[in-house]
Amino acid sequence: MSSAISTRAFAPASIGNFAVGFDTLGAALAPLDGPPLGDMVEVQRSLRTTLLCEGPFAHQLPPKPEDNLAFRACEAFARAWGQSLPPLRLHLVKGLPVGSGLGSSAATVAATLKAVNALFGEPLDDHALLVAAGEAESHASGAVHLDNVAPALLGGLRLITPEGRAEALPFPERLRILVASPDLRLATREARAVLPATLLLATTIAHARQLGTFVHALHGGDEA
């Protein structure tokens with residue numbers, strides 16, 4: 001077990017449902033200039049478990065600490081590790097607006113898991129962390145989907161496989177992602193609630209073709 005008493009981790013903003021990959025493709029975001037875009041979490045051993053929230057969007061977080069996704073991430077980590085965690089002091093610097101479409105919940109979960117994993121000597125591998133991240137974020141989204149937490153944890157553009165793994169995909173170096181973030185909030189749980197439960201067979205086939213074509217184009221460097 002690690003002898004560290006304090007660790008810190010950052011997780012970036014991300015785009016889920018990237019391009020044609022609903023619940024399948026996710027991309028991590030890094031600004032071309034200026035400060036990083038994401039959440040930072042510091043974890044310390046302590047005499048009792050506490051949570052301090054700061055940052056430009058801390059006021060958007062739930063008032064009860066037990067409802068905060070940093071706590072949920074610690075609970076998911078403990079279950080994945082198979083051990084109870086000692087008292088911890090969590091310090092979350094909330095750099096992403098909630099309900100913005102920028103992977104705010106995923107950033108909190110990923111940063112917390114990375115910091116806690118480092119504190120205890122990294123007992124969980126990337127896949128175990130990803131599973132824990134999906135469990136923790138489901139409290140905000142209402143369902144397990146990994147297309148935000150995967151790039152927030154691992155970086156880059158990620159393809160979620162049927163086995164729940166996150167494969168790295170190439171992305172053309174000269175292309176950039178332009179993000180427009182309107183001044184409104186829409187919770188993922190609410191957005192997913194209006195989705196249809198079933199799709200036409202023709203729609204499903206068309207989507208499979210588009211997704212396969214997109215991934216093939218990435219590997220082939222076909223920017224057009």
Side-chain angles (χ1 to χ4, degrees), residues 11-32 37-38 76 80 96 99-111 113-114 124-182 186-224:
S14 60
I15 297 177
N17 307 322
F18 185 78
V20 293
F22 180 77
D23 277 8
T24 305
L25 296 177
L29 300 176
L32 292 177
L37 184 64
L96 290 174
S100 61
L102 294 173
S104 175
S105 58
T108 295
V109 167
L113 287 173
K114 289 195 288 187
L124 301 186
D125 61 16
D126 285 346
H127 181 63
L129 285 175
L130 184 60
V131 172
E135 176 193 331
E137 202 205 11
S138 69
H139 291 283
S141 64
V144 175
H145 59 100
L146 305 176
D147 50 327
N148 277 111
V149 290
L153 269 172
L154 306 171
L157 176 61
R158 296 282 166 171
L159 169 68
I160 308 304
T161 70
E163 299 79 23
R165 297 191 175 273
E167 299 294 338
L169 293 178
F171 193 77
E173 232 179 81
R174 75 183 191 92
L175 296 186
R176 298 291 180 261
I177 299 170
L178 180 64
V179 176
S181 184
L186 178 61
T188 302
R189 184 185 296 268
E190 295 174 10
R192 295 180 73 89
V194 302
L195 296 175
T198 59
L199 295 173
L200 293 174
L201 178 61
T203 302
T204 306
I205 293 172
H207 175 259
R209 286 173 175 162
Q210 293 282 18
L211 179 58
T213 299
F214 183 74
V215 172
H216 178 68
L218 289 173
H219 283 288
D222 184 357
E223 294 182 9

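Worth saying up front: this structure is predicted, and the values here are computed from it rather than measured. Computation of the quantities below employed the complete heavy-atom set of this structure, encompassing side-chain atoms and omitting hydrogens, waters and symmetry-equivalent molecules.
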Looking only at non-hydrogen atoms, find the nearest pair between [X] and [Y] and report the distance.
{"X": "Ala152", "Y": "Pro12", "value": "O-CD, 3.4 Å"}
{"X": "Gly164", "Y": "Leu130", "value": "O-CD2, 3.5 Å"}
{"X": "Ala80", "Y": "Ala132", "value": "CB-CB, 4.3 Å"}
{"X": "Leu96", "Y": "Gly103", "value": "CD1-O, 4.1 Å"}
{"X": "Ala166", "Y": "Arg158", "value": "O-NH1, 3.1 Å"}
{"X": "Gly134", "Y": "Val149", "value": "N-CG2, 4.2 Å"}

Straight-line distance of [X] [atom1] to [Y] [atom2], nearest 0.5 Å:
{"X": "Leu153", "Y": "Lys114", "atom1": "CG", "atom2": "NZ", "value": "6.5 Å"}
{"X": "Asn17", "Y": "Thr188", "atom1": "CG", "atom2": "OG1", "value": "9.0 Å"}
{"X": "His145", "Y": "Ser138", "atom1": "NE2", "atom2": "OG", "value": "8.5 Å"}
{"X": "Arg165", "Y": "Leu159", "atom1": "CZ", "atom2": "CG", "value": "13.0 Å"}
{"X": "Ser14", "Y": "Leu37", "atom1": "OG", "atom2": "CG", "value": "9.5 Å"}

Q | Side-chain (Asn148) to main-chain (Ala106) donor-acceptor, under 3.5 angstrom | A |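 Flag not set: sc Asn148 to bb Ala106 has no pair under 3.5 Å.
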Q. Below 4.5 Å, heavy atoms only, C-beta onward: do Ser181 and Leu102 meet side chain to side chain?
A.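 Yes, their side chains come closer than 4.5 Å.
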Donor-acceptor pairs are to be reported for all side-chain atoms of residues 18-29 against protein atoms at under 3.5 Å, with residues two or more places apart or in another chain.
residue : atom : partner : partner atom : Å
Asp23   : OD1  : Arg192  : NH1          : 3.0
Asp23   : OD2  : Arg192  : NH2          : 2.9
Thr24   : OG1  : Phe22   : O            : 2.8

Q. Restricting to pairs with a member in residues 196-211, which pass side-chain hydrogen bond (donor to acceptor under 3.5 Å, both in side chains), not counting sequence neighbours?
A.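 Pairs touching residues 196-211 that pass the test: none.
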Q.
Looking only at the side chains, is there a donor atom on one of His127 and Asp125 sitting less than 3.5 Å from an acceptor on the other?
A.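 There is no such pair (donor and acceptor under 3.5 Å, judged by atom type) between the side chains of His127 and Asp125.
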Run the side-chain donor-acceptor check on residues 214-224: report pairs under 3.5 Å with partners two or more places apart or on a different chain.
residue : atom : partner : partner atom : Å
Asp222  : OD1  : Ala224  : N            : 3.3
Glu223  : OE1  : Arg174  : NE           : 2.8
Glu223  : OE1  : Arg174  : NH2          : 2.8
Glu223  : OE2  : Arg174  : NE           : 3.3

